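A short write-up of the structure that comes next.
Just so it is clear, the values below take in all heavy atoms, side chains as well, and ignore hydrogens, waters and symmetry mates. Note that the structure is predicted; figures quoted are calculated from it, not measured.
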Amino acid sequence: MNGKEPNKGSLSKKVLSWHKLNGRHNLPWQKNINPYKVWISEIMLQQTQVSTVLPYFKLFIKKYPNIKSLANAKLEDILELWTGLGYYRRAENIYKTAQILKENYQFKFPKNYEDIINLPGIGKSTAGAILSIAYKKKYPILDGNVKRVIKRLFAIQGSANNDSNLWTLSESILPNKNNDIFSQAMMDVGSLVCTINNPTCSMCPLIKDCKSYKLKLTKIIPEKKKSNLIKKKKIYLLLIQDYKKDNFILMKKNNKEGLWANLWNLPSFSLKKELNNFVLKNKIKGKVKVFKNFSHNLTHYKLDISVFHIKLSNKLIIKNYNWKNIYDKIAISKPILITFEKLIKEIENANGNVR
DNA sequence: AACGCGTGGAT
DNA sequence: TATCCAAGCGT
């Protein structure tokens, strides 16, 4: 006799047939699909919206079409490709994983849960996505989309609202086949229908199963997170231009930990006094210009950034600092990228005025 | 277990 | 403008 678990079976069936007509089928990581592409896309998509990832993913796959090409890359090359994408530790973890795939897996992506979740940067949800999407195996995911769908579907509130419980529920609704499509479909439901604000419940394949809809709770589920305090922070940057070549700038590589780890940075200070000391101590002399302040928002900080631009009048060498060409592609943070763009405009304007 | 880690889109 | 938060992970 069939139909022991009618709700569960019909639930996945509804999601799957909805996906056929309404899901996203043309994302670049869905074309000529393989574990490598699923892995890279899943890492890029961590806490990052699809539209943001698209250009980065295309460039990444063009430069590194397979594991072997990636395993031969330097960390700095991968970070350079990651410039502007954020959460740069992900690039470092991709590099580390590529080395592991080279050393231990003959450049083949592993196929079982234990091996996959032990790779750097791959947690439970990313492992579940790779196992289901790339290998069609029956593993749950719990990304932001699926989390929201499940919370609404089962009307999760209060003490029930914890990851352990949500993982159990995510696992409980898995079908026994088509797990690749099911993972995609659940994310599409969350992303396209079961949105945070104004979900289009009338278009939802799960409308008849949804407890929140039934109880008119879709506005208060999922529960809001308590907002965290955003502190203000001041940053002073020194943009030191070589005394001969306008496009050469003094830079230093960031530490291996902390904000913008391993990226190239300008001499950076939290106090104006520290900047002054640096200038005096290294006998930095030249024409000074102050750029207009700009702000840059991080999750916990609102940065107020001042840039002091100095065109050197003499040759300068400082230990641990390197001269970098602003026209070369190097791994830098967004604020440095913004600063360089401003400088490039200035240089081009100056050249224009000469003519 | 709370927090650090980036950036951009939506409202 | 301010706020929330997205295909989360590591510690």
Side-chain angles (χ1 to χ4, degrees), chain A residues 23-24 27-30 37-57 79 82-94 96-97 116-134 139-150 162-164 166-167 170 180 182-192 194-199 222-233 254-263 265 294-303 305 331-338:
Chain A
R24 294 173 288 191
L27 297 169
W29 43 89
Q30 297 172 331
K37 283 192 208 167
V38 175
W39 165 46
I40 298 298
S41 64
E42 287 301 327
I43 300 295
M44 284 190 171
L45 287 160
Q46 287 168 1
Q47 298 287 282
T48 311
Q49 294 177 350
V50 169
S51 57
T52 306
V53 167
L54 288 173
Y56 285 90
F57 180 80
L79 280 169
W82 217 266
T83 289
L85 190 55
Y87 285 138
Y88 298 91
R89 193 171 50 186
R90 294 181 293 175
E92 193 180 349
N93 284 332
I94 282 180
K96 287 181 182 169
T97 291
I116 292 176
I117 198 148
N118 279 320
L119 295 169
I122 299 181
K124 200 172 175 183
S125 193
T126 302
I130 295 171
L131 283 157
S132 59
I133 297 170
Y139 280 86
I141 57 176
L142 197 60
D143 71 304
N145 291 312
V146 173
K147 225 176 209 179
R148 190 169 54 254
V149 172
I150 285 176
N162 62 75
D163 276 4
S164 165
L166 296 172
W167 272 111
S170 179
D180 53 339
F182 186 71
S183 283
Q184 294 279 5
M186 284 295 287
M187 289 192 279
D188 286 354
V189 170
S191 163
L192 303 173
C194 194
T195 48
I196 302 170
N197 304 308
N198 306 315
E223 295 165 330
K224 306 283 180 217
K225 287 179 197 169
K226 56 176 179 184
S227 62
N228 46 9
L229 194 69
I230 296 179
K231 297 172 190 167
K232 290 184 179 179
K233 213 172 171 179
N254 278 339
N255 295 330
K256 292 180 178 178
E257 288 174 4
L259 187 62
W260 298 315
N262 298 305
L263 303 187
N265 201 359
F294 65 98
S295 63
H296 184 81
N297 297 321
L298 303 170
T299 309
H300 295 281
Y301 289 102
K302 184 181 171 72
L303 303 178
I305 302 173
I332 52 179
S333 66
K334 195 70 183 177
I336 305 301
L337 190 63
I338 290 168

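When the side-chain nitrogen and oxygen atoms of A:Trp260 are compared with OP1 and OP2 of B:dT7, one or more of them lie within a distance under 4.0 Å. Taking only side-chain nitrogens and oxygens, A:Gln46 never comes nearer than 4.0 Å to OP1 or OP2 of C:dG8. Side-chain N/O atoms of A:Thr126 include none lying less than 4.0 angstrom from OP1 or OP2 on C:dA7. Considering only side-chain N and O atoms, A:Lys302 lies nowhere under 4.0 angstrom from the phosphate OP1 or OP2 of C:dT3. Phosphate contact (OP1/OP2 of B:dT7, side-chain N/O of A:Tyr88, threshold under 4.0 Å): present. In this structure, A:Asn145 reaches the C:dA7 phosphate: one of its side-chain N or O atoms is under 4.0 Å from OP1 or OP2.
Residue contacts shown for A:Leu298 include a base, since a base heavy atom lies under 4.0 Å away. Among the heavy atoms of the strands lying under 4.0 Å from A:Ile122 are primed sugar atoms or P, OP1, OP2 only; no base atom is included. No contact: A:Ile40 has no heavy atom under 4.0 Å from any strand. As judged by a 4.0 angstrom heavy-atom cut-off over every strand, A:Gly84 is placed among residues touching the sugar-phosphate backbone only. A:Trp29 comes within contact range of at least one nucleobase, with a heavy-atom separation under 4.0 Å.
For the pair A:His296 NE2 and B:dG6 P, the interatomic distance rounds to 9 Å; values are reported in whole Å. Rounded to an integer number of Å, the gap from A:Lys233 NZ to B:dG6 C1' is 13 Å. Separating the CD atom of A:Gln49 from the P atom of C:dC4 is a distance of 16 Å, rounded to the nearest angstrom. Rounded to whole Å, atom P of B:dG6 lies 8 Å from atom OH of A:Tyr87. As a whole-Å value, the separation of A:Ile43 CD1 from C:dG10 C1' is 12 Å. Atom CD1 in A:Ile117 sits about 8 Å away from atom P in C:dG10, given to the nearest Å. Rounding to whole angstrom units, CD1 of residue A:Ile338 and C1' of B:dG6 are separated by 12 Å. With rounding to whole Å, A:Ile196 atom CD1 is found 10 Å from B:dT11 atom P.
Side chain A:Ser125 to base C:dG8: no donor-acceptor pair is found below 3.5 Å. Side-chain atoms of A:Arg148 and base atoms of C:dA6 include no donor and acceptor less than 3.5 Å apart. The base of C:dC9 is not paired with the side chain of A:Arg90 by any donor and acceptor separated by under 3.5 Å. Put simply, the side chain of A:Thr48 and the base of B:dG8 share no donor and acceptor less than 3.5 Å apart.
Although no hydrogens or angles enter the test, the distance criterion places a donor-acceptor pair under 3.5 Å between the side chain of A:Ser41 and the main chain of A:Lys37. One N or O on the side chain of A:Thr97 and one on the backbone of A:Pro120 form a donor-acceptor pair closer than 3.5 Å.
Comparing B:dG6 with C:dT3, their P atoms sit 22 Å apart, to the nearest whole Å. If you take atom C1' in C:dC5 and the same atom in B:dC5, they sit 14 Å apart, rounded to whole Å. Nucleotides B:dA1 and C:dC9 place their C1' atoms 14 Å apart, quoted to the nearest Å. One P atom belongs to B:dG8, the other to C:dG10, and the distance between them is 24 Å to the nearest Å.
Under the 3.5 Å distance criterion, with hydrogens and angles disregarded, a donor-acceptor pair is assigned to the side chains of A:Ser191 and A:Arg24.
The listed nucleotides are B:dT11, C:dA7, B:dT7; the one nearest the side chain of A:Ser333 is B:dT7. The nucleotide whose nearest atom lies closest to any side-chain atom of A:Leu27 is, among C:dA7, B:dT7, B:dC5, C:dA7.
Toward the 5′ end of DNA chain B lies the nearest nucleotide of A:Arg89, the other residue of the pair A:Pro335 and A:Arg89 mapping further downstream. When each of A:Gly121 and A:Val50 is assigned the nucleotide of DNA chain C bearing its nearest heavy atom, the one mapping closer to the 5' terminus is A:Val50. Nearer to the 5' terminus of DNA chain B, by closest-nucleotide assignment, is the contact made by A:His300 (compared with the other of A:His300 and A:Ile332).
Separation of atoms CH2 (A:Trp260) and OH (A:Tyr88) is listed at 8.5 Å; rounding is to 0.5 Å.
Listed here is the closest heavy atom pair of A:Pro28 and A:Leu54: CD-CD2, 3.4 Å.
Counted within 6.0 Å of CG on A:Asn162, heavy atoms from surrounding residues, nucleotides or ligands total more than 12; the atom is thus considered enclosed.
For A:Tyr56 and A:Trp82, the ring centers are positioned 6.0 Å apart or more.
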